[in-house]
Amino acid sequence: MIIAIDGPAGAGKSTVAKLVAKSLGYLYLDTGAMYRALTFKVLEEGIDIADTKKITDLASKSIISFINNPDGQIKILLDGIDVSLDIRQSRITKLVSDVAKIKGVRQVMLKLQRELGIKGKVVLDGRDIGTVVFPDAEKKFYIDAGLKERVKRRYKELKGLGQNVTVDAVEDDLSNRDKIDSNREFAPLKKADDAIYVDTTDMTIEEVVSKILDSL
Ligand code: DC
């Protein structure tokens, strides 16, 4: 079975997807991390964010892979190097939506995501999983929450990672990314018609996980 979990930034998709995958013994695929890894490389190589051709070339030349450890720990590798922590830096978060809106980049990622997920027994989270990457996924969920609640959750998460952020900066980032992700031309963030909508604003993580597991 392929389980697709989409929704806006900070709704708790990755936390929930990870737990659902763990309880089913499935693989977890964080597709946002793939766009983040590429954005990291764009910055490392000093490529202009407006140079869509160079960024697309870079995407097709890069090797992005995951390690799913049995203890539930997940790592993302860029050209064989662990970049799991680097990709959470705010300089990456600020630019990732601009990289993810490039058509050529999306084509490269689409191919890779399908290759990684096609065998099934996988939970993928992202923005276009149920609409574009796996439109025939057996189960689709759209995980949402009010902006204020998402800001609160993301702020707590980033503080936990030791980042020096403010609530206002987190709110600016989330609303800016939502705008770019929802309005882009290719594969915008959108609920698939057949996705189950879950408003998690007043739900705990455990409640969301149970709701998903109960709907399988
Ligand atoms: O889930 P995240 O916040 O780590 O995702 C980072 C960015 O990547 C997000 O702002 C938009 C982009 N993204 C995308 O365009 N399509 C996906 N399937 C996943 C993420």
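When reading the values below, keep in mind they use all heavy atoms of this one structure, side chains included, and skip hydrogens, waters and symmetry mates. As the structure lists them, so they are numbered: ligands from 1, and atoms in each ligand from 1. All residue numbers in this chain count up from 1 along the given sequence.
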Going by an N to O cut-off under 4.0 Å, is there a salt bridge joining E115 and K111?
yes
May I ask you to check whether R177 has an N/O atom sitting below 3.5 Å from an N/O atom of ligand 1?
yes
Would you say T201 and D199 are linked by a side-chain donor-acceptor pair, where the criterion is simply a distance under 3.5 Å?
yes
In this structure, atom 12 (C) of ligand 1 is nearest to the protein heavy atom A100 CB, 3.7 Å
Lys/Arg-Asp/Glu bridge criterion (N-O < 4.0 Å) met for D6, R127:
no
Answer yes if the side chains of S62 and K41 hold a donor-acceptor pair under 3.5 Å, and no otherwise.
yes
Atoms of ligand 1 close to G126 [distance to a heavy atom under 4.0 angstrom, numbered from 1]
17 (C), 18 (N), 19 (C)
Under 4.0 Å, heavy atoms only, figure out whether ligand 1 is touched by the backbone of R106, its side chain, both or neither.
side chain
If you scan protein heavy atoms around atom 4 (O) of ligand 1, the nearest is R36 NE, 2.7 Å
Look only at interatomic distance and state if Y35 has a nitrogen or oxygen under 3.5 Å from any nitrogen or oxygen of ligand 1.
no
May I ask you to decide if T39's main-chain N or O and R36's side chain share a donor-acceptor pair within less than 3.5 Å?
no
Hey, does A9 sit under 4.0 Å from ligand 1 if you only count heavy atoms?
no
Can M34 be said to touch ligand 1, with heavy atoms closer than 4.0 Å?
no
Among all the protein's non-hydrogen atoms, which is closest to atom 20 (C) of ligand 1, and how far away is it?
G32 CA, 3.4 Å
Member of R106, K190, K101 meeting the salt bridge (Lys or Arg N to Asp or Glu O under 4.0 Å) criterion with D128:
R106
In terms of heavy-atom contacts, does CG of D193 have more than 12 from other residues, nucleotides or ligands at under 6.0 Å?
no
Heavy-atom contacts with R184 under 4.0 Å: which atoms of ligand 1 show up? List them by number with element.
14 (C), 15 (O), 16 (N)
In ligand 1, the atoms that come under 4.0 Å of a heavy atom of S97 are 10 (O)
Between the side chains of N68 and Y28, is a donor N or O closer than 3.5 angstrom to an acceptor N or O?
no
Looking only at protein heavy atoms, which one is nearest to atom 18 (N) of ligand 1, and what is the separation?
D128 OD1, 2.8 Å
Nearest-option assignment for atom 19 (C) of ligand 1, heavy atoms, candidates L95, V99, T31, L29:
T31
Note the single closest protein heavy atom to atom 1 (O) of ligand 1, along with its residue, its atom name and the distance in Å.
R127 NH1, 3.0 Å
Closer than 4.0 angstrom, basic N to acidic O: yes or no for R154 and D173?
no
Are any of the N/O atoms on R154, whether in the backbone or the side chain, positioned under 3.5 angstrom from an N/O atom of ligand 1?
no
Side chain to side chain contact (heavy atoms under 4.5 Å, CB included), paired with F40, selected from L95, I76, L78:
L78
Specify side chain, backbone, both or neither for Q113, according to which of its non-hydrogen atoms lie closer than 4.0 Å to ligand 1.
neither
